[in-house]
Amino acid sequence: MDSNEHEIASLIQQGESLTLEFKSDLKRLKDGDLVAAVVSLANTEGGELLLGVEDDGTVSGLHADHLNVSGIPSLIANKTNPAISVRVERCDLQGKSVSRITVPKSRQLVSTSDGLLVRRRLKLDGTPEAVPFYPHEFIQRQSSMGLVDPSAMVLEEIDASQLDPLQRLRIRNAIKKYGGEQSLLALADNELDGALGLCREVNGVRRPTIAGLLLLGTESLLRQHLPAYEVAFQVLHGTDVRVNEFFCKPLLETFEEVELLFKARVEEEEIQVGLFRVPVPNYDRRAFREAFVNALVHRDFSRLGAVHVKITGDGLSISNPGGFVEGVTLDNLLVADPRSRNPLLADVIKRIGLAERTGRGIDRIYEGMLRYGRPAPDYSMSDEFTVSVQMANVAADLDFLKMVIEQEDKLGNMPIDSLIILSRLREERRLTTTDLAPSVQKTEANVRATLEKLVETGFLEPHGTGRGRTYTLSAALYRKAGKKSEYIRQAGFAPIQQEQMVLNYIDRHGSIKRAEVMDLCHLDRNQAYRMLARMKEAGQIKQIGEHKGAVYERA
């Protein structure tokens with residue numbers, strides 16, 4: 001079996017998915033059905049279509065009319081609009097021919113020449129199906145790919161005079177409070193609207209954009225023209241609902257009211273670090289603000305559903321309708337270039353000062369958890385329809401926090417990469433560069449450079465060389481935390497240290513048994529045997545007795 005056949009056999013073993021489709025060709029698949037299957041892949045994530053394979057993965061082979069695969073690319077190009085360019089290969093598998101059609105993901109919506117517009121989705125049982133692409137979904141697709149900006153669309157049925165002037169005062173106050181662009185404060189109301197893109201002139205009449213309606217609209221205007229917009233704040237204690245508030249007020253007003261509800265649930269203790277007392281909250285306010293603002297700004301306004309803020313015994317969760325935008329996944333969340341589904345709205349919020357101006361608000365969210373020795377924020381519940389972040393409600397590791405604060409006093413803010421590495425080593429004791437790279441989401445070379453900086457600053461200790469090189473938290477860190485025994489367990493001992501420990505034990509107790517050596521030095525039976533034999537040969541100790549009754553004394 002050549003490499004191509006092996007690859008196709010491997011694909012068949014995986015079964016159908018969002019990006020893999022099987023089509024039977026026993027009765028000669030109709031051209032229209034073949035083209036529709038290609039269109040549905042192109043309108044989703046692209047992928048592979050295997051012609052000559054049954055839905056259950058049985059290889060049934062190509063119909064005689066399709067054995068010459070050279071005509072398939074032109075057939076598909078001629079029957080799609082705009083034309084899709086596919087790559088087609090034929091190979092023999094289990095004595096039968098299979099055609100592998102590789103379909104690229106389209107940057108624009110594609111239909112068949114007959115006007116059929118379809119996409120793929122997963123059913124509840126995890127199997128894929130092709131479904132119609134409805135007009136209201138067009139904007140979702142284009143905005144997630146960065147082709148259009150829904151928040152910049154002008155609402156021509158609303159006049160700017162219908163907007164709430166008090167909300168402009170709220171914008172100005174927010175600029176002062178959060179350190180936004182101070183030059184905006186000098187502008188008149190109309191100039192402010194224009195500078196932020198909240199209103200545009202259409203045929204001589206000033207009308208709001210969707211971003212403008214979100215920030216300046218009245219509650220009745222928002223309900224009428226943006227019915228998808230809603231925010232829910234819930235506090236649950238077991239099955240008991242303590243708070244269940246829903247908001248459809250302008251965006252800044254909603255943010256302020258939800259933030260007040262959140263702050264009422266923040267509890268703080270204080271620790272002494274050097275000359276200063278440092279607050280330790282159960283939830284970091286800046287992390288909450290960034291996560292909540294992200295949910296408000298990056299949500300899909302064409303999809304019904306509220307932005308949910310929920311506090312339970314397990315912690316804080318924030319979710320919004322609409323999955324990650326094109327190019328952002330769980331595997332590159334920390335390093336992907338900042339992109340928004342609603343660029344104008346995101347820009348307005350940054351200029352007001354409510355969100356991180358660099359677009360790296362995700363770093364703030366991670367920092368707000370990791371610097372307190374808590375688990376990293378968890379985005380694993382996100383899918384193509386929702387982005388959800390969970391922040392666990394666990395006690396802070398005060399020793400870890402002191403370590404971070406002392407580092408910041410000496411060297412400035414600790415980078416997120418370093419916090420992630422220290423957090424994982426705090427939990428897992430000893431790791432390699434390869435172990436750490438997926439968490440940092442950077443190349444091993446980048447991670448190795450960060451590790452060596454942490455070694456230089458005294459946070460880590462390296463063990464070994466080459467690809468097998470491992471890292472642990474340093475003895476100094478464990479000593480500061482009063483956890484010397486933990487350092488011994490995770491770092492181990494050098495052979496000379498082990499021998500000295502055995503001799504010290506004998507001096508104190510008169511003799512030592514092999515089982516006691518194993519326990520003292522954290523060695524297995526064979527390692528203890530070899531070490532004792534080495535010490536006997538060196539004349540350091542002598543053996544008295546045999547087998548299980550053997551003990552060792554000073555020579």
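Since the structure is predicted, the reported quantities are computational estimates derived from the model, not experimental observations.
Note on E367 versus R286: salt bridge recorded, some NZ/NE/NH1/NH2 to OD/OE distance being below 4.0 Å. A salt bridge links R121 to E129: at least one charged side-chain nitrogen sits closer than 4.0 Å to a carboxylate oxygen. Ionic pairing of K23 and D25 is not present here: no N-O contact between side-chain nitrogen and carboxylate oxygen is shorter than 4.0 angstrom. Contact check on R206 versus E201 returns no salt bridge, with no Lys/Arg side-chain nitrogen under 4.0 Å from an Asp/Glu carboxylate oxygen. Taking a cutoff of 4.0 Å between a charged side-chain nitrogen and a carboxylate oxygen, D284 and R371 do not qualify as a salt bridge. Checked for salt-bridge contact, E45 and K105 meet the test: a charged N lies under 4.0 Å from a carboxylate O.
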So D31 and K79, salt bridge (charged side-chain N to carboxylate O under 4.0 Å, His left out) or not? Walk me through it.
CA-CA 9 Å; D31 289 353; K79 288 188 174 289; 5.7 Å; no
Dump the intermediate steps for side chain to side chain contact (heavy atoms under 4.5 Å, CB included) on E48 and R100, then the final yes or no.
CA-CA 7 Å; E48 311 272 3; R100 178 185 185 181; 3.1 Å; yes
Take F22 and T58 through the test side chain to side chain contact (heavy atoms under 4.5 Å, CB included) and record every step on the way to the result.
CA-CA 10 Å; F22 300 158; T58 303; over 6 Å; no
Please assess Y229 against L213 for the test side chain to side chain contact (heavy atoms under 4.5 Å, CB included), listing each intermediate value before the final yes or no.
CA-CA 11 Å; Y229 171 65; L213 179 63; over 6 Å; no
One pair to check against side chain to side chain contact (heavy atoms under 4.5 Å, CB included): L226 and F301. What are the steps and the verdict?
CA-CA 8 Å; L226 208 57; F301 287 101; 4.1 Å; yes
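Contact annotation: the side chain of F385 approaches that of R303 to within less than 4.5 Å [non-hydrogen atoms, C-beta and beyond]. Residues E21 and L50 fail the side-chain proximity criterion, which asks for heavy atoms closer than 4.5 Å. Looking at K310 and L236, their side chains come closer than 4.5 Å, going by heavy atoms from C-beta outward. Between L93 and V53, every side-chain heavy-atom pair lies at or beyond the 4.5 Å cut-off. Side-chain contact check for T450 versus S418: some heavy-atom pair is nearer than 4.5 Å. Using a 4.5 Å heavy-atom cutoff, the side chains of T44 and L18 are in contact. Using a 4.5 Å heavy-atom cutoff, the side chains of H308 and I318 are not in contact. Q390 has its side chain out of reach of Y379: every pair of non-hydrogen atoms, C-beta onward, lies at least 4.5 Å apart.
The two residues S151 and T209 have their closest heavy-atom pair at O-CB, 3.6 Å. Looking at every heavy atom in both residues, L451 comes nearest to T433 through CD1-OG1, 3.6 Å. Summarising the geometry of E259 relative to Y178, their closest heavy-atom pair is OE1-OH, 3.6 Å, with the distance given to 0.1 Å. A pairwise comparison of heavy atoms in L344 and G197 identifies CD2-O, 3.4 Å as the closest pair. Scanning all heavy atoms of the two residues, the minimum distance from G217 to Q167 falls at O-CG, 4.5 Å. Nearest heavy atoms, P375 versus V394: CD-CG2, 3.4 Å.
Side chain of T386 to main chain of S382: no donor-acceptor pair is present (N/O by atom type, distance under 3.5 Å, no hydrogens or angles). Within the 3.5 Å criterion, the main-chain N or O of V110 finds a donor-acceptor partner in the side chain of N43. Side-chain atoms of D300 do not come within 3.5 Å of backbone N or O of R341 as any donor-acceptor pair. N78 contributes a side-chain N or O that, together with a main-chain N or O of S74, makes up a donor-acceptor pair within less than 3.5 Å. Checked by atom type and distance alone, the side chain of Q162 pairs as donor or acceptor with a backbone atom of D159 at under 3.5 Å. In terms of modelled atom types and a separation under 3.5 Å, the side chain of S10 and the main chain of H6 share no donor-acceptor contact. In terms of modelled atom types and a separation under 3.5 Å, the side chain of N342 and the main chain of R299 share a donor-acceptor contact.
In this structure, the separation between CG on L221 and CD on E157 is 10.0 Å, given to the nearest 0.5 Å. Atom CG of residue L166 and atom CG of residue L252 lie 13.0 Å apart, to the nearest 0.5 angstrom. A distance of 14.5 Å separates CE in M153 from CZ in R207, rounded to the nearest 0.5 Å. Atom CD1 of I84 sits about 11.0 Å away from atom CD1 of I101, to the nearest 0.5 Å. Within the model, atoms CG of L215 and CD1 of I349 stand 5.0 Å from one another, a figure rounded to the nearest 0.5 Å. In this structure, OG on S106 lies 15.0 Å from CZ on R119, to the nearest 0.5 angstrom.
Shown here are the ring pair (Phe, Tyr, Trp, His ring centres under 6.0 Å) partners of Y366, two or more places apart in sequence or in another chain: there are none. In this view, E256 and R170 satisfy the salt bridge (charged side-chain N to carboxylate O under 4.0 Å, His left out) rule, not counting sequence neighbours. Applying the side-chain contact (heavy atoms from CB on, under 4.5 Å) criterion to E219, with sequence neighbours excluded, gives R223, C248, K249. Every side-chain contact (heavy atoms from CB on, under 4.5 Å) that N81 has, sequence neighbours left out, goes to S111. The side chain to side chain donor-acceptor pair (under 3.5 Å) test applied to D337 returns no partner, not counting sequence neighbours.
Exactly one of V69, L62, L51 qualifies for a side-chain contact (heavy atoms from CB on, under 4.5 Å) with S97. That residue is L62.
Y283 does not carry R285 over the face of its six-membered ring by the limits of under 6.0 Å from the centre and within 45° of the normal.
Residues T218 and D164 have side chains that never bring a donor and an acceptor to within less than 3.5 angstrom of each other. In this model, no donor atom of one side chain and acceptor atom of the other lie less than 3.5 Å apart for T112 and D114. Between N244 and Q234, the side chains place a donor N or O and an acceptor N or O closer than 3.5 Å (distance only, hydrogens not considered). There is a side-chain donor-acceptor pair under 3.5 Å between E54 and S24. A donor atom on one side chain and an acceptor atom on the other are not found under 3.5 Å apart for T329 and D331. Side-chain N/O atoms of E89 and S99 include no donor and acceptor closer than 3.5 Å.
Counting heavy-atom neighbours within 6.0 Å of N393 CG, excluding the residue itself, gives a total above 12. Heavy-atom neighbours of R28 CZ from other residues, nucleotides or ligands within 6.0 Å: above the threshold of 12.
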Donor-acceptor contacts under 3.5 Å from residues 288-298 side chains, at least two apart:
unit_1, atom_1, unit_2, atom_2, d
E290, OE2, E356, N, 3.1
H298, ND1, S340, OG, 3.0

